[in-house]
2 protein chains.
Amino acid sequence: MTRQRQIILEELQKDYSHPTASVVYLKVRRRLPHISLGTVYRNLEILSEQGLIKKLELSGTQKRFDGTLSEHYHVRCFKCGRISDVSMETLTALDEKLSEMCDYEIIGHRLEFIGLCPKCKKNKKHAHKTKTTTPISPGNIS
Amino acid sequence: MTRQRQIILEELQKDYSHPTASVVYLKVRRRLPHISLGTVYRNLEILSEQGLIKKLELSGTQKRFDGTLSEHYHVRCFKCGRISDVSMETLTALDEKLSEMCDYEIIGHRLEFIGLCPKCKKNKKHAHKTKTTTPISPGNIS
DNA sequence: CATAAAATGATAATAATAATCATTCTCAAG
DNA sequence: CTTGAGAATGATTATTATTATCATTTTATG
């Protein structure tokens, strides 16, 4: 466990925004100005293999990381790209149901809700300023 | 509607494998050997904007396209990357449930099952040969 | 047929991530 | 403590998927 890996882990554990690798990089660089982007990628990968953080495969082009290990679903704002946690229980029954209906051996599922976040709901005219990712066209939830 | 757009659409409509842009390109090139990859990307984008095909945002790095317009979920084999359709009814109740639980205005969700396809179930020793995409590590269904 | 708008093919550009590699760090054994 | 092997780092380059540019060609329409 190197200093840089420790700090990447710490920064992720106190960040609830499901940051992308480059956001983690920016935050970590405040404490380690000479760290390289490659080191951040490498360690995010290693930490998620070790089960200390989670790598999220949500929609959008960039991977996101979560220092919270509990299982939970996410909502994405289709306007500003913000990701929030959802406190809905895990739907294990879905996997069992599908197991009986198809010839795959089901081991799990990914569920991501799409919606409009409170901030974007207010400023419907112009999207919320701290936009982080590409918006989703509402007709394309697939 | 140009000849190339027509053929891209046709090839997609008779392909049930949820192909990526480059797979569509390879197939279309059998009929139009001089078509460029950029044209394929451009037309897949246009056709999905027009609602003639669907652009799928599944896990993995590449986008996939579907000539079948009906709404349905998908299963992905975590070993070989194959995508199959799932004949489970759309769970609109989930969106309503979440609407009451959180402050987002929910407009839909994305659900993708992860499992082991019949072919990979048989050849458990070595993954199925017609592998198309990177496998998913079973510990990382997020 | 003319012609304006749209699309094409070729190519370059971008964005996110992964790989390479010489140098530096970490940590357990002495 | 020192040390030495293996792992990790920073700098850099490479890869992969996708998008943008642009001169030329095609399409649809009057």
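In what follows, chains are A, B, ... by sequence order, proteins preceding strands, each numbered from 1.
Looking at heavy atoms from C-beta onward, B:Lys63 lies out of side-chain contact with B:Thr20 at the 4.5 angstrom threshold. With contacts defined as side-chain heavy-atom distances shorter than 4.5 Å, the pair B:Leu94/A:Leu91 qualifies. Residues B:His109 and A:Ile114 form no side-chain contact, since every pair of their non-hydrogen atoms from C-beta on lies 4.5 Å or further apart. Using a 4.5 Å cut-off on side-chain heavy atoms (C-beta onward), B:Lys54 and B:Glu71 make contact. No side-chain heavy atom of A:Val75 sits less than 4.5 Å from a side-chain heavy atom of A:Glu112. For the pair B:Glu45/B:Lys55, a side-chain contact is recorded, criterion being any heavy-atom separation below 4.5 Å from C-beta on. A:Lys14 has its side chain within reach of A:Glu11: a pair of non-hydrogen atoms, C-beta onward, lies under 4.5 Å apart.
Where the helix from C:dC1-D:dG30 to C:dG30-D:dC1 starts and where it ends, the local axes point in directions that differ by 30°; five pairs per end, rounded to 10°.
Applying the side chain to side chain donor-acceptor pair (under 3.5 Å) criterion to A:Gln6, with sequence neighbours excluded, gives A:Glu10.
First and last contacts of DNA chain C with chain B, using any nucleotide atom under 4.0 Å from a protein heavy atom and ordered 5' to 3', fall at C:dA7 to C:dA10.
Alongside B:Leu58, the hydrophobic cluster contains B:Leu56, B:Ile83 (criterion: ILVMFWY side chains under 4.5 Å).
The local environment of CZ in A:Arg31 is crowded, with over 12 non-hydrogen atoms from other residues, nucleotides or ligands closer than 6.0 Å.
Atom-to-atom, CZ of A:Arg29 to P of D:dG10 comes out at 12 Å; the value is rounded to the nearest Å. The nearest whole Å value for the distance from the NE2 atom in B:His34 to the C1' atom in D:dT26 is 16 Å. Rounded to whole Å, the distance from CZ on B:Arg64 to P on D:dT18 is 10 Å.
Contacts between residues 3-11 of chain B and DNA chain C, defined by a heavy-atom separation below 4.0 Å, involve B:Gln4, B:Arg5, listed by number. At a non-hydrogen distance threshold of 4.0 Å, B:Ile35, B:Ser36, B:Thr39, B:Arg42, B:Asn43 from residues 35-48 of chain B come into contact with DNA chain C.
Donor-acceptor pairing under 3.5 Å is recorded for the side chains of A:Ser84 and B:Tyr104.
Residues B:Asp95 and B:Gly108 approach most closely at OD2-CA, 3.4 Å, considering heavy atoms.
No path of Ile, Leu, Val, Met, Phe, Trp and Tyr side chains, each step under 4.5 Å between heavy atoms, connects B:Ile106 with A:Phe78, placing them in separate hydrophobic clusters.
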